[in-house]
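All figures in this text were calculated on a predicted structure; none of them were measured in a lab.
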Amino acid sequence: MRENEEAGRVKGMSRGELLELPAAVDLDTGNRALGLGRSKGYELAKRGQYPCKVLRLGNAYRVVTADLLALLGLAA
């Protein structure tokens with residue numbers, strides 16, 4: 001385990017981890033990539049104010065990876 005995960009804090013994602021993501025990821029993964037907490041990420045998604053495109057599939061939210069990477073300046 002990484003030290004900051006042991007302290008109860010989740011570290012952001014590395015460039016390599018981001019580039020290996022599938023076409024859409026769950027909201028928790030999107031939150032991690034953006035450095036958002038779980039509650040804040042879900043609040044933004046629910047209000048339609050998440051910083052990149054989010055799809056609502058039933059009860060689940062999915063973040064479009066291409067939009068996430070573009071927001072982070074990693075788009076191809």
Is any side-chain heavy atom of [X] less than 4.5 Å from a side-chain heavy atom of [Y]?
| X | Y | answer |
| --- | --- | --- |
| Arg62 | Leu27 | no |
| Leu21 | Met13 | yes |
| Thr29 | Leu68 | no |

Identify the two heavy atoms, one from [X] and one from [Y], that lie closest to each other, and give their separation to 0.1 Å.
| X | Y | answer |
| --- | --- | --- |
| Val63 | Val54 | CG2-CG2, 4.2 Å |
| Asn31 | Gly37 | ND2-O, 3.9 Å |
| Pro51 | Leu71 | CB-CD2, 3.6 Å |

- Query: Looking at Glu17 and Arg32, does any basic side-chain N land under 4.0 Å from a carboxylate oxygen?
  - Reply: yes

- Partners meeting side-chain hydrogen bond (donor to acceptor under 3.5 Å, both in side chains) with Thr65 (sequence neighbours left out): none

Kindly write out the residues that satisfy salt bridge (Lys or Arg N to Asp or Glu O under 4.0 Å) with [X], not counting sequence neighbours, or none if the list is empty.
| X | answer |
| --- | --- |
| Arg56 | none |
| Lys40 | Glu43 |
| Asp26 | none |

- Message: Checking the side chain of Tyr50 only, and the main-chain atoms of Tyr42 only, is there a donor and an acceptor separated by less than 3.5 Å?
- Response: no

- Query: How long is the gap from CG on Leu69 to SG on Cys52, to the nearest 0.5 Å?
  - Reply: 9.0 Å

- Item | Counterpart residues, side chain to side chain contact (heavy atoms under 4.5 Å, CB included), relative to Gln49 (two or more places apart) | Leu44, Arg47

- Task: For residues 66-75, pull every pair meeting salt bridge (charged side-chain N to carboxylate O under 4.0 Å, His left out), keeping only residues two or more places apart or in separate chains.
- Result: none

